[in-house]
Structures are given as C-alpha cells and as structure tokens.
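For ligands, and for the atoms within them, numbers begin at 1 and follow the listed sequence. No hydrogens, no waters, no symmetry mates; every other heavy atom, side chains included, goes into these values. Note that the structure is predicted; figures quoted are calculated from it, not measured.
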Amino acid sequence: MRNHRTRLSRRIFLRGVAASAAVFGAAHPLLGLAARPGTVARNPLEIPLAVSPSGLGLQAAPAIVDLGGFHWSSALAYNGAFPGPTIRASRGASASIQFGNGLTQDTTVHWHGMIVPPAVDGQPQDPVAPGGSTTYAFTIDQRACMNWYHPHPDMLTGEQVALGLAGAFIVNDAEEAALGLPSREVPLVIRDTSLDSTGNMQYKPRSGGFEGPIALVNGTLNPYLDVDTALYRFRVLGGANARIFRLALGNGAPFYLIGNDGGLLAATAPVASIDVAPGERVDIIVDFRDLPLGTTVMLRDLREGWNLLEFRVTNLVIDADAIPTALSTITPLGNPVRTRVFSFDGMSKINGREFDLNRIDFSVPFGETELWRFKTNGNAPHPVHVHGASFQVVSRTGGRNRTFPWETGWKDTVLLEDRETVEVLIRFEGYRGRYLLHCHKLEHEDMGMMSNFEVV
Ligand code: C2O
Ligand code: CU
Ligand code: CU
C-alpha cells in the first residue's frame, strides 16, 4: 500500500501522466475556447435530469458527452450524463440506488454532505470492482440541502471526478417548503477542465492541485440561461478538483445568500461575492424582476476573471415570489467537551501521517460536542471536509482572519488558507462507525491528506 501511494505521489509530482477517457481520436473543428467576452458563441446551459433515489439505477461508465454546441468529449459519466442526474428526495424518504461499475478501475459513490451509515458512505475501503455492482440503501434524515455525489476510490478520486463523474443530490423538507422560496430553481455545478488537442477532457494531475484553463457549468462550455423577470434560486456546487471560484454578478447586483452545505442559514444575507472551494455549496437568490427584456447579466469568477454563465432576460412575467428574510433556526452546538488539533501538512499528510486504508487515527464519542482546530504550515488552500456530520464554523485566525456569511449555519467543508487556523464545533449524532476527514483538493486527498476515524 505504501509503495503504491508513493508511486502515485511520484506520478502526480512528475506530471508524467495525463489521463484521458479518450475513446475517439477525431479532431474537433469547433474548438475555439479562448474567445473574448462578447465574441464567444454561447451554448444553452445543460440542466441535468431530475430523478428519485428510490429504485434508481446508476451506472458509471465511459461516455461521449456534448459540452455544448456539439463539442463532443470523451468522459466518465453517470448514466451517460455529465453531470450525472440530479437526485432529489424529501427528508424521510428511502434511497435505494443500484450502482454498477462500468469503468476499468475500482470506484465507489460517496454522498458528500449526506449523513449515511459508514457501510454505504462510499469510502475507499469499500470499492466496487470493474464490472461489479452494489446497492446504496439509506434513509434520508437531515435538513434540506444540496449535496454532491462523486467517486471516492483510493487514489483515483481526482482522475474520476476530473473526467466527469459527479452529480447533485438535493434534499427537500417541510421547513424549506413553508418558506415559499422561488419556484424557479436551477442547480449550477461549477468546475474547470482541461481539453486535449482533440477536444477531449483530460486529467493532468499536479501535486498543488489540478486546475484547468476552461470553466464548465453543468458540463456546458460558455453557457447561457434564458430567464424570466423573476427571482431565481441557484443551487451552486464547487465541483472542481482544486480550483476556488469567487462568484459575483457582472452588473454589481448582490446575491441573496440563503443556504450553504448543510442547508438554510438563519437569515438571508445580501453579499457582493462568494468564494466557493471544492466541495462547498451555496444556495442563492438572484433578482431579475426589474430588468428590461434583452438585458444580460454575467455570473463571473473574480479570481480568474472568467465569464461563467450569461443570464439573458427574455421573458416578462409578474413574479409572485418574494425574498424571505428569516429562514431557519440554527441552534449553536454547546460547549465542547474536548479539543482536537489537525495539522494539514505539506500536500499529503494530516498530523504528519499519510492516509492508510487500514489505520483508524482516532475515535470520537457519539453525541459529544467537540472543538476541532484545523491548521496548516503551508501548501494551502486546503478545503477541509468531514464525513458523517455537519459542523459549525466558530472562528478563523491568521490569513483572512475572519469568517464569512456563507460559513454560518451548518457546513461540511471549510476553506483553510495559508497561515489560517479554523475552529469548528462538531457532534456526531447520525451513526457510529468509520468516517473520513480529508482535504478536498482531490490531488491532496489522493496523495494521502486524509484520515480515518471512528465514531464510537
Ligand atoms: Cu466530497 Cu470524502 O468527499
Ligand atoms: Cu464527503
Ligand atoms: Cu490540501
């Protein structure tokens, strides 16, 4: 195992291998990706099919997908779709997902953000072999929120996610329904990619994290979305391997932030920009009600200066929806009974150790509130993610030295930048058993910046 991981690290460090799901070698005449804003041909935003998790068949396999405008790419896809179908269910429903592995590698499906028993959490210890299958069955019992399903195999997560395996899993509940949130709701899975000379998505691992030069929203290159003069609710997922986006609207209008990883915030917060790291989600309302027909508004990434998605106001309606103010009750987790410190060291270690499938690093008593302190000595950003429970961000010291509106409420992933210490309160009250703590920069995770723990 140790040798295998060392080989993987070496592979990533040397950038020696560019993995590709290439099936066809044909050149793509439609490649023209570096066009300046305004000159670029835009493609309709892909909206993934919505499906129920009850009796769902889910197959991971190589596929040819349209990135928009007949820009075909080889990919690894769930049910042939990139992103995979949006799974949607209400709290209390049962998920029973028959999963088949049509890849040539081991894989798993992890339900990032969902509180499920360890045996169906899709951990690297429970791989599904090529040609194999398994059933992921669990009861959905958590607040309304948007989650992310993606592969989690040992040392292959970065490659499989980069090549297309990902989808959204939305949970609804009665509290959310009673708020009368905007009925126009669109999931936005935002990531980057790299295309090879024939236009196929490729994976070029780097130890600092794979970043590609091209943005994709819902798997669409240069997307646009026709909108009504109405309020829209966007469910945003940071779905990149390593890239952090700073989202803002090109017309200077605010986002009305209503939720994040673990569901609704206490109250709506207008914000000018939002940072979204890999694994983080934000639930935002955008107000197009007073815009003249023909107006365009760009969803931008301020870090890279990218135009991510163009909204085109094309349809006049009288919208009865309103922006809510009070949303939910967030009960603070009480006084912690103990503190644990996790140092995210280098690019492959937590507290000085690389991940070992067979080693449990610590145990956490069920139902007790703990304070977890995440720190780093460099090589950040590290988006820190925990399985099995949501947490509350208490403080960030050093670096940016503050917390942000999108870090209130309940989180399962928090961004740790260089020189930062982030403290969270956490209490496991779903299930006992083995869960994971890791950096969600997938190259760091694959190189070993991950730890097993056991809720006892
Ligand atoms: Cu999004 Cu352990 O994963
Ligand atoms: Cu997870
Ligand atoms: Cu990291």
Side-chain angles (χ1 to χ4, degrees), residues 9 12 83-84 107-118 120-127 136 138 142 145-158 160-162 165-169 189 191 205-211 237-244 261-262 276-281 342-351 354-355 357 374-391 410-418 420 422 426 428 430-431 434-453:
S9 301
I12 292 180
T107 192
T108 73
V109 188
H110 169 57
W111 319 95
H112 178 132
M114 309 214 32
I115 310 300
V116 302
V120 290
D121 195 39
Q123 300 178 10
Q125 289 89 339
D126 301 310
Y136 293 104
F138 49 88
Q142 63 191 87
C145 61
M146 181 167 85
N147 304 293
W148 180 21
Y149 65 96
H150 66 74
H152 215 310
D154 191 34
M155 294 185 275
L156 294 169
T157 299
Q160 292 183 10
V161 172
L165 290 170
F169 195 138
V189 179
R191 54 165 286 179
R206 294 173 51 238
S207 55
F210 164 63
E211 292 194 351
L237 159 64
N241 279 46
R243 181 182 290 278
I244 299 159
D261 308 359
V276 183
E280 291 191 297
R281 288 88 74 203
F342 301 98
S343 173
F344 290 76
D345 302 325
M347 293 181 280
S348 64
K349 291 178 174 144
I350 298 176
N351 289 344
E354 284 185 357
F355 181 64
L357 279 173
F374 305 131
K375 55 181 204 172
T376 180
N377 44 35
N379 296 296
H382 304 295
V384 176
H385 171 55
V386 182
H387 293 216
S390 295
F391 52 74
W410 292 97
K411 294 279 290 170
D412 55 56
T413 307
V414 66
L415 184 58
L416 185 61
E417 288 274 18
D418 276 335
E420 292 183 354
V422 172
I426 191 162
F428 292 83
Y431 303 94
R434 185 194 59 218
Y435 288 108
L436 293 162
L437 160 71
H438 62 91
C439 176
H440 219 293
K441 182 181 281 184
L442 296 179
E443 291 66 39
H444 287 185
E445 170 183 333
D446 281 342
M447 288 192 295
M449 190 174 266
M450 179 153 65
S451 183
N452 286 312
F453 62 92

Are any side-chain N or O atoms of [X] and backbone N or O atoms of [Y], one a donor and one an acceptor, separated by less than 3.5 Å?
X	Y	answer
D121	V116	no
N147	W111	no
D261	R281	yes
D446	T157	yes
N379	M347	no

Atom name in H382, limited to N/O/S, at shortest distance from the Cu ion (ligand 3):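 That would be atom ND1.
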Atoms of protein origin (N, O or S) under 2.8 Å from atom 1 (Cu) of ligand 1: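 Protein N/O/S atoms under 2.8 Å of atom 1 (Cu) of ligand 1: H112 ND1, H150 NE2, H440 NE2.
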Look at the rings of [X] and [Y] and say which category their plane angle falls in: under 30° parallel, 30 to 60° tilted, over 60° perpendicular.
X	Y	result
Y435	F428	parallel
F138	F169	tilted
H150	H440	perpendicular

Result of checking Q123, H438, Q160 against H152 for side-chain hydrogen bond (donor to acceptor under 3.5 Å, both in side chains):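 So the option named by the test is H438.
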Metal-centred angle, ND1 of H444 through the Cu ion (ligand 3) to SG of C439, rounded to 10 degrees: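 Between ND1 of H444 and SG of C439, at the Cu ion (ligand 3), the angle is about 130°.
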Nearest heavy-atom neighbours spanning Q125 and L357: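 Closest heavy-atom pair between Q125 and L357: NE2-O, 3.3 Å.
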Atoms of the protein (N/O/S only) found under 2.8 Å from the Cu ion (ligand 2):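 As for protein N, O or S atoms lying under 2.8 Å from the Cu ion (ligand 2), they are H110 NE2, H385 NE2.
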